[in-house]
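Indexing begins at 1, ligand by ligand and atom by atom, following the structure's order.
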Amino acid sequence: MKLLTYRDNGYEMLGVASQDGKTVYSLSDIGLSFFNMNDLIRRFSGEDRNTVEAFLRNPEEGVPYDTLDKCSPIPYPAQDVICLGENFMAHKKEAGGYSDEAFGTEKKVSIYFSKRVGEAVPDGGGIPAHRDITERLDYEAELAVIIGKEAYRVPAEEAYEHVFGYTILNDISARDIQTGHKQWYLGKSLDGFTPIGPWIVTADEIPGRPKIRVQSYVNGELRQDGNTDDFIFDIAHCIHELSQGIRLLPGTIISMGTPAGVGMGFKPPRFLSVSDAVDCVIEGIGTLHNVIVD
Ligand code: MG
């Protein structure tokens with residue numbers, strides 16, 4: 001099922017979308033009550049799931065998705081997003097071609113960094129260009145994993161039992177700030193740099209190790225076209241590795257890295273400008289659409 005957050009008269013609401021994503025039903029109208037998506041992720045029971053599934057088999061009138069005052073499914077992540085760097089071989093090469101000093105070293109271990117998210121930008125929301133501090137704004141379409149059950153010292157073979165679901169994350173990056181500092185945190189964490197959405201698809205719809213297409217388009221032109229089957233370090237590896245020393249709490253977001261075709265990978269680079277539209281598309285999840293704004 002597709003779980004999402006939206007606003008109704010200024011109040012944050014939780015909803016479930018129809019299978020085609022076109023119609024949204026309020027969870028409270030179905031009789032389910034949670035404070036917000038993080039609360040839902042912590043407390044969503046098998047019985048709750050059955051209630052929603054039964055409703056979706058015979059739904060009552062809903063609201064068109066397009067007319068919603070949309071929020072990101074987790075508008076205020078409880079902690080920084082954990083991100084994978086250079087997790088596709090072709091992207092690792094293009095990044096090394098852009099800046100050998102920043103990206104070119106031969107690393108045989110997974111690269112983790114974090115990304116601060118004051119408020120995640122929803123599907124349809126604007127990405128601020130921050131033109132006063134960056135001239136090299138870039139996009140990165142990524143599959144994001146949402147942890148459902150607390151994970152601590154989890155064997156890789158049990159990792160997927162801890163996944164609540166999946167969503168799309170655009171890891172917006174200011175390349176000049178990212179490469180101008182020793183760490184990537186600042187260049188990845190400016191306000192509005194983390195569009196997440198349009199919804200969370202629960203893990204039962206993408207069972208096991210995801211083998212799904214990840215694409216991005218800028219103004220309708222295909223830029224990235226990868227598949228999660230090509231992760232250098234897969235989801236099970238990362239949950240296992242991270243959880244050896246970090247307790248991954250429900251609601252934790254792990255963004256799995258981006259395929260080749262980002263702006264810095266072109267010669268000359270093709271960075272984003274105000275009014276550019278970026279669509280991140282992931283098979284089985286949907287499309288996250290955003291426009292760069294001043
Ligand atoms: Mg990234």
### Message
So, of the N/O/S atoms that E140 has, which is the nearest one to the Mg ion (ligand 1)?
### Response
OE1

## Note on the structure
For the Mg ion (ligand 1), the nearest N/O/S atom on E142 is atom OE2

### Message
Which heavy atom of T5 sits nearest to which heavy atom of P73, and what is that distance?
### Response
OG1-O, 2.7 Å

### Sub-6.0 Å ring centroid separation between Y185 and F113
no

## Note on the structure
Among the N/O/S atoms of D171, the Mg ion (ligand 1) lies closest to OD2

### Message
For Y152, does the six-membered ring have the charged nitrogen or CZ of R247 within the cation-pi criterion, i.e. under 6.0 angstrom from the centroid and within 45° of the normal?
### Response
yes

### Message
Looking at R175 and E140, is any side-chain nitrogen of the basic one under 4.0 Å from a carboxylate oxygen of the acidic one?
### Response
yes

